[in-house]
Amino acid sequence: MSIRFVSLNAKGLNSPYKRSILWKEANLLKADVLCVQETHFAKDKAPRFSSKQFPHIYCANSTVKKAGVCVAVKDTVTFQCHNVVADKNGRYLVLHCTINNIVFTVINIYAPNSSQLAFLSSAMRRIRPLIVGKPVLCGDFNLIHDSLLDTTSPNAQHRPDMQSWLAREDLFDVWRCTHAAERDYTFYSSRHGSYSRLDMFLTTKWGLAEIKACNIHNITWSDHAPVSLDFLTPSHPPNTYVWKLNTFVFSLPEVKEALRGKLQEFLKFNEPSASDPLLLWVTHKAFMRGLMIQQTARYLMDKKSEGDFSGHAYGKAISHLWLISQAETARINQSKAK
């Protein structure tokens, strides 16, 4: 199972025809999350932008018809929006959400044609504190990653690239990580007669382990190629065991005495040097939980050896302990009700 993110620079969507083509392209590419750059929607004059297949749409628009980004989520995934931060100039949008029970921060960026590194550094200072869960950054960065591999321009070595910025931000170009020495491009400049890879997905080193694929698709109606990212999701929720306290242990004097002594010993050695009370509390809980499991197991083993329990007899002893536990739980519940 995977979630497919698709990023595409649309070069303006004020035409109803282009909006229609965009939705067809999104369905053709089987996008679950569509990130679009250069919508050219003005804040007060944005056209109707909707799709039955993509009911969740979030936009960052400028005051004039330029820039503009949006994120659209398809109805084939379970989705919950937690927070949206839209840049007032329509340069980026941050969507904090849950998709198929996974928390993501989706960041859609459209960088300007000049001073890209300054813009990206400034934007990330505002965006980084907003990142929760798994970050997925995408968009048209108007900048290449590697001047040797990501463009056919003969003057590329004199242009800035993203390598130093990516290193500072501890981010990774997903397509380059999965296509190490390959050459492919997302934009053709007729003015310069050259190809460049300006559109990309970025993530952290931890996110790379959960990437199934990242691909560049054909340029069709836009002057940019769509880029897709397939993010792996568990096919089923992991089996997790939640430990619960058997309250019957507190009815056993020897267990209570052992727990009291160990707790006093724990606090004696750890409380004076604890800089954070919350950390001490969490550590104490883990320590006591392990002790309770240990003491309960030891009690059962002692009872088994003392009575030489085997088979049905041992099962009866376990049942007896379970009944004690149930009775103790019922007593606590009754006292709470009173």
Side-chain angles (χ1 to χ4, degrees), residues 3-77 79 81 84 86-95 97 99 106-113 136 138-142 175 184-201 214-230:
I3 301 169
R4 172 163 287 191
F5 296 82
V6 172
S7 176
L8 174 63
N9 182 315
K11 201 180 180 182
L13 288 175
N14 284 294
S15 161
Y17 174 74
K18 290 187 73 175
R19 295 197 295 274
S20 174
I21 291 293
L22 172 71
W23 296 126
K24 289 180 181 178
E25 180 94 345
N27 285 313
L28 185 66
L29 294 172
K30 299 180 180 179
D32 296 310
V33 181
L34 176 66
C35 300
V36 184
Q37 303 86 43
E38 277 204 274
T39 59
H40 292 179
F41 293 162
K43 281 183 180 178
D44 300 328
K45 298 180 181 179
R48 185 172 179 271
F49 186 55
S50 62
S51 167
K52 290 182 179 179
Q53 290 81 24
F54 290 83
H56 313 286
I57 301 175
Y58 306 91
C59 295
N61 300 329
S62 175
T63 54
V64 294
K65 291 184 178 181
K66 67 175 185 179
V69 295
C70 81
V71 177
V73 184
K74 202 171 186 181
D75 58 6
T76 52
V77 297
F79 173 79
C81 174
V84 179
D87 175 47
K88 63 181 181 180
N89 296 315
R91 289 290 176 182
Y92 64 81
L93 184 137
V94 181
L95 174 62
C97 60
I99 304 173
V106 181
I107 303 160
N108 188 9
I109 293 177
Y110 173 57
N113 290 319
V136 175
C138 66
D140 177 1
F141 293 85
N142 267 314
W175 189 87
D184 204 349
Y185 311 102
T186 63
F187 175 71
Y188 175 72
S189 171
S190 55
R191 178 182 175 185
H192 299 99
S194 63
Y195 290 91
S196 301
R197 189 171 66 90
L198 307 176
D199 308 80
M200 57 193 86
F201 279 92
C214 185
N215 294 297
I216 296 172
H217 301 270
N218 294 329
I219 295 176
T220 53
W221 56 277
S222 174
D223 58 349
H224 285 252
V227 183
S228 66
L229 172 75
D230 294 335

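This structure is a prediction, so every number in the text was calculated from the model and none was measured.
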Can you give the donor-acceptor pairs under 3.5 Å from side chains of residues 61-75 to other protein atoms, not counting sequence neighbours?
unit_1: S62; atom_1: OG; unit_2: V64; atom_2: N; d: 3.4
unit_1: K74; atom_1: NZ; unit_2: N27; atom_2: OD1; d: 3.1

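Residues I216 and Y185 have side chains not in contact (no heavy-atom distance under 4.5 Å, counting atoms from C-beta outward). Using a 4.5 Å heavy-atom cutoff, the side chains of L34 and L22 are in contact. Between I107 and V94 there is a side-chain heavy-atom pair separated by less than 4.5 Å. Side-chain contact between Q37 and N108 is present, with at least one heavy-atom pair separated by less than 4.5 Å. N142 has its side chain within reach of Y110: a pair of non-hydrogen atoms, C-beta onward, lies under 4.5 Å apart.
Under the side chain to side chain donor-acceptor pair (under 3.5 Å) criterion, D87 pairs with no residue, sequence neighbours left out. Residues meeting the side-chain contact (heavy atoms from CB on, under 4.5 Å) test with L28, sequence neighbours left out: none. Taking T39 as the reference, nothing meets the side chain to side chain donor-acceptor pair (under 3.5 Å) condition, with sequence neighbours excluded. Residues satisfying the ring pair (Phe, Tyr, Trp, His ring centres under 6.0 Å) criterion with H56, sequence neighbours excluded, are F79. When the ring pair (Phe, Tyr, Trp, His ring centres under 6.0 Å) test is applied to F187, the partners found at least two apart in sequence or on another chain are H224. Residues satisfying the side chain to side chain donor-acceptor pair (under 3.5 Å) test with N89, not counting sequence neighbours, are none. Scanning for ring pair (Phe, Tyr, Trp, His ring centres under 6.0 Å) contacts around F5 gives F104, with sequence neighbours left out. A search for ring pair (Phe, Tyr, Trp, His ring centres under 6.0 Å) contacts involving F54 returns W23, not counting sequence neighbours. Residues satisfying the salt bridge (Lys or Arg N to Asp or Glu O under 4.0 Å) test with R4, not counting sequence neighbours, are D230. Judged as a side chain to side chain donor-acceptor pair (under 3.5 Å), and not counting sequence neighbours, the contacts of S189 are H192.
Once rounded to the nearest 0.5 Å, the distance linking OG1 of T220 with CD of E25 reads 4.0 Å. I3 CD1 to L229 CG: the interatomic distance, rounded to the nearest 0.5 Å, is 10.0 Å. Within the model, atoms CD of E38 and CG of N9 stand 4.0 Å from one another, a figure rounded to the nearest 0.5 Å. Rounding to the nearest 0.5 Å places SG of C35 at 8.5 Å from CG of L95.
The heavy-atom pair separating F201 from C214 by the smallest distance is CD1-SG, 4.4 Å. For the pair I57 and S50, the tightest heavy-atom approach, listed with the atom from each and the gap, is CD1-CA, 3.8 Å. Pairing each heavy atom of K11 with each of K18, the nearest pair is O-NZ, 2.8 Å. Among all heavy-atom pairs drawn from C97 and C81, the shortest one is CB-CA, 4.2 Å. When all heavy atoms of P226 and N218 are compared, the closest pair comes out as CD-O, 3.3 Å. Taking each heavy atom of A86 and C59 in turn, the nearest pair found is CB-O, 4.0 Å.
Under the 3.5 Å distance criterion, with hydrogens and angles disregarded, a donor-acceptor pair is assigned to the side chains of T76 and D32.
No donor-acceptor pair under 3.5 Å is formed between the side chain of S196 and the backbone N or O of L198. Not one N or O on the side chain of R91 forms a donor-acceptor pair closer than 3.5 Å with the backbone of I109.
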> Do L8 and V36 pass the side-chain contact (heavy atoms from CB on, under 4.5 Å) test, and can you show the C-alpha distance, the side-chain angles, and the key distance before you say yes or no?
Replying inline: CA-CA 5 Å; L8 174 63; V36 184; 5.5 Å; no

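For residues 26-48, the pairs satisfying ring-ring contact (aromatic ring centres under 6.0 Å, His included) are F41-F49, with sequence neighbours left out.
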